[in-house]
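Values in this document were obtained by computation on a predicted structure and should not be read as measured data. Throughout, numbering of the chain's residues begins at 1 and tracks the sequence.
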Amino acid sequence: MNISQIINSSIISKNNFSPNGKYLLVPKGKNLILYSLNPDIKKLDKMLFNSTINYIEFSPSSTYFLILLLKLQECHIKSVNNKNFLMKIKEPIYNINSALWSSNDNYILLSLNTYNALHIFSTKDEYENIEEEFDNENISNSSKNFKYIISNIKYQNLSQGISFSYNGGEFMSIIIRKQIKDWVEIYDTNNYILTSSFVCSTINAENILWTKDNSFILIQENKNYDCKLYIYSLSGNLINILEPYKNYPGIIKLNISPNGHYITASYCDNVIRLYHYLSFKLCKELNSDNLLNPSNNKKNKNNFFFEKTVILVENSKKNEIDFEHLFGKEKELFNLENTFPKKISNNNNTNNIINQNISNFSYSFNSQYLAFISKNYSHILLIYDITAFKLAFLLVFDNNVIDFIWSPCSLQLVICTENEEKIYFFQPQRAKAFKLPNNNNSNNNIEEKDKNKVEKNLFFSSDGKRILYKNNKYTFFLIEPGNDI
């Protein structure tokens with residue numbers, strides 16, 4: 001376990017890491033620093049822009065990265081191996097809303113507020129000339145690289161309403177709004193030629209997702225309308241409608257297990273539902289309150305992990321058992337016959353984050369475990385064994401759980417709570433907490449009105465070697481967890 005650096009950044013997301021896990025981008029206002037992470041952290045480049053950086057993203061191959069400056073309506077493209085900029089896209093007329101790399105390095109997508117359009121820019125010509133003499137005077141203009149346009153896109157924020165197929169992203173599906181209806185258009189990402197288009201039965205489509213084998217497209221209805229999940233073939237045939245109950249509210253989060261066997265959705269009724277792929281039948285409902293029923297946990301009590309050393313009392317004072325603990329030596333009594341004590345935060349913003357994370361869930365890389373928290377007991381993290389269809393572990397913390405994530409390549413779960421001094425690691429049958437170093441300057445950039453706007457997030461690099469832990473608005477820790485805790 002190694003905490004390699006404390007970094008101040010104005011943008012903290014999964015995009016800070018390159019897809020191959022070898023690079024790290026750290027923007028702060030108008031400044032941007034590029035680090036190498038292989039094998040140790042090393043500063044490669046520092047850049048200064050004329051406006052605040054709003055968005056960053058590495059290309060799929062990790063060879064390039066883009067920088068979006070909304071105030072200047074500019075998108076800059078740069079190589080990780082070349083200090084000169086390769087390309088600049090400027091759209092002062094059409095008003096850029098967001099940017100996104102295509103599923104390959106050859107195209108960049110820009111959504112424009114004007115006309116609700118998606119402009120697609122080619123980068124191939126510039127990349128072919130990368131070996132030639134190249135300086136800042138050769139930065140290309142927008143008209144030279146503009147190639148395609150997709151009109152009537154429903155969502156200008158490209159984090160929603162767009163999805164690339166798996167295993168290389170050969171196709172892109174996007175939700176279109178025209179003729180007062182939702183449509184899906186599918187494009188070949190090698191040349192952005194339209195390959196399929198069909199109208200949807202949705203009232204207000206909110207999300208779109210490919211199945212792992214790229215055979216079907218899932219379209220989620222807006223949760224404020226109803227709970228329907230539509231399954232379409234690539235030609236537009238409606239295959240099935242998943243509707244566990246009538247009327248709204250509906251799905252909050254939709255995902256597919258890493259092995260592709262289960263369509264997984266968390267609903268507004270605080271139940272996570274697993275549907276078997278191909279049959280599309282409901283195979284399991286995970287209701288955390290039912291799973292936490294003491295009568296269901298008597299036989300699983302050896303799989304409780306408490307932050308404090310807990311003496312579990314099954315019946316009054318009989319059968320006292322000293323359980324493995326996460327951290328600390330203080331002991332307290334816990335009666336299995338009673339319900340778990342609820343935790344309430346004094347920070348309204350923290351309560352909002354907790355309410356958002358109630359719908360969150362995270363799969364282990366091998367699809368064996370599914371981690372999630374309970375609405376009524378948000379200091380308890382439940383780990384469900386999908387292969388055995390049973391509750392495998394309970395992690396009970398002193399504070400409410402804020403975020404959690406499995407490693408992308410090992411059975412290691414990382415958890416953060418309201419306690420900013422600790423970060424928690426779990427592996428099956430093992431759990432531990434680590435104290436974080438003090439950062440006296442962590443709040444220097446936070447205005448007084450933002451002191452209570454504390455957010456926490458966890459992001460793994462793709463190789464599982466490093467974690468970004470965001471513990472307040474501008475500061476994060478770069479953590480190297482190692483293989484064992």
Side-chain angles (χ1 to χ4, degrees), residues 9-16 18-19 23-35 44-130 132-151 153 155-160 162 192 474:
S9 177
S10 55
I11 299 175
I12 301 175
S13 73
K14 63 180 181 180
N15 289 347
N16 292 84
S18 62
Y23 301 101
L24 176 71
L25 281 174
V26 179
K28 185 179 179 183
K30 299 179 181 180
N31 295 279
L32 181 64
I33 302 176
L34 173 67
Y35 292 94
L44 295 180
D45 195 6
K46 184 175 181 179
M47 296 144 274
L48 176 64
F49 295 88
N50 294 325
S51 179
T52 300
I53 299 168
N54 301 101
Y55 181 78
I56 54 169
E57 185 186 0
F58 282 95
S59 67
S61 71
S62 302
T63 306
Y64 312 97
F65 57 91
L66 68 81
I67 309 101
L68 182 62
L69 311 174
L70 289 178
K71 186 175 181 180
L72 299 179
Q73 290 293 291
E74 293 178 356
C75 183
H76 295 254
I77 315 299
K78 198 174 186 300
S79 168
V80 297
N81 298 314
N82 191 323
K83 290 193 175 183
N84 294 320
F85 287 89
L86 304 178
M87 177 178 168
K88 178 174 73 174
I89 303 170
K90 190 172 180 65
E91 289 282 6
I93 299 175
Y94 298 108
N95 192 3
I96 299 174
N97 183 287
S98 62
L100 184 71
W101 277 100
S102 178
S103 54
N104 55 56
D105 289 6
N106 295 333
Y107 296 99
I108 289 173
L109 316 179
L110 293 182
S111 71
L112 308 177
N113 289 329
T114 308
Y115 308 126
N116 292 336
L118 183 68
H119 280 198
I120 302 169
F121 293 84
S122 171
T123 57
K124 288 185 288 187
D125 294 338
E126 297 301 333
Y127 290 174
E128 291 171 357
N129 295 331
I130 196 170
E132 301 177 6
E133 184 178 352
F134 205 95
D135 56 39
N136 289 336
E137 296 300 322
N138 290 331
I139 291 177
S140 65
N141 58 44
S142 303
S143 58
K144 176 182 175 181
N145 296 82
F146 174 68
K147 297 296 181 181
Y148 311 105
I149 184 171
I150 300 175
S151 301
I153 62 172
Y155 296 105
Q156 281 136 0
N157 187 333
L158 296 180
S159 63
Q160 185 178 6
I162 187 171
Y192 278 89
Y474 293 109

Interatomic distance, [X] atom [atom1] to [Y] atom [atom2] [nearest 0.5 angstrom]:
{"X": "L110", "Y": "I149", "atom1": "CG", "atom2": "CD1", "answer": "11.5 Å"}
{"X": "N15", "Y": "L24", "atom1": "CG", "atom2": "CG", "answer": "11.5 Å"}
{"X": "I153", "Y": "L158", "atom1": "CD1", "atom2": "CG", "answer": "6.0 Å"}
{"X": "Y35", "Y": "L25", "atom1": "OH", "atom2": "CG", "answer": "10.5 Å"}
{"X": "L118", "Y": "I120", "atom1": "CG", "atom2": "CD1", "answer": "5.0 Å"}

Backbone N or O of [Y] within a donor-acceptor pair of the [X] side chain at under 3.5 Å?
{"X": "S111", "Y": "Q156", "value": "yes"}
{"X": "K78", "Y": "N82", "value": "yes"}
{"X": "Q73", "Y": "K90", "value": "no"}
{"X": "T52", "Y": "G29", "value": "no"}
{"X": "D105", "Y": "S61", "value": "yes"}
{"X": "E57", "Y": "I67", "value": "no"}
{"X": "S18", "Y": "S62", "value": "no"}
{"X": "Q160", "Y": "N157", "value": "no"}

Using side-chain heavy atoms (C-beta onward) and a distance below 4.5 Å, is [X] in contact with [Y]?
{"X": "I108", "Y": "L100", "answer": "no"}
{"X": "N16", "Y": "P27", "answer": "yes"}
{"X": "L44", "Y": "N81", "answer": "no"}
{"X": "D45", "Y": "I33", "answer": "no"}
{"X": "M87", "Y": "T123", "answer": "yes"}
{"X": "N31", "Y": "M47", "answer": "no"}

Let me see the working for L66 and I56 under side chain to side chain contact (heavy atoms under 4.5 Å, CB included), right down to the final yes or no. CA-CA 6 Å; L66 68 81; I56 54 169; over 6 Å; no
Indicate, with yes or no, if the rings of F121 and Y107 have centres closer together than 6.0 Å. no
Less than 6.0 Å separating the ring centroids of F49 and H76? yes
Heavy-atom closest contact (S51 atom, L69 atom, distance):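 The answer is O-CD2, 3.8 Å.
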With side chain to side chain contact (heavy atoms under 4.5 Å, CB included) as the criterion, how do Y64 and V80 come out once you've worked through the C-alpha distance, each side chain's angles and the decisive distance to 0.1 Å? CA-CA 6 Å; Y64 312 97; V80 297; over 6 Å; no
Does L112 form a side chain to side chain contact (heavy atoms under 4.5 Å, CB included) with N97? I'd like the steps, not just the answer. CA-CA 5 Å; L112 308 177; N97 183 287; over 6 Å; no
Show your working on side chain to side chain donor-acceptor pair (under 3.5 Å) between Y148 and S122 and close with a plain yes or no. CA-CA 9 Å; Y148 311 105; S122 171; over 6 Å; no
Ring pair (Phe, Tyr, Trp, His ring centres under 6.0 Å) partners for Y55, two or more places apart: none
Can you sort out the partners of Y23 under side chain to side chain donor-acceptor pair (under 3.5 Å), two or more places apart, ordered by chain and number?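 If we apply the side chain to side chain donor-acceptor pair (under 3.5 Å) test to Y23, skipping adjacent residues, there are no hits.
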Stepwise side chain to side chain contact (heavy atoms under 4.5 Å, CB included) test for I11 and V26: CA-CA 7 Å; I11 299 175; V26 179; over 6 Å; no
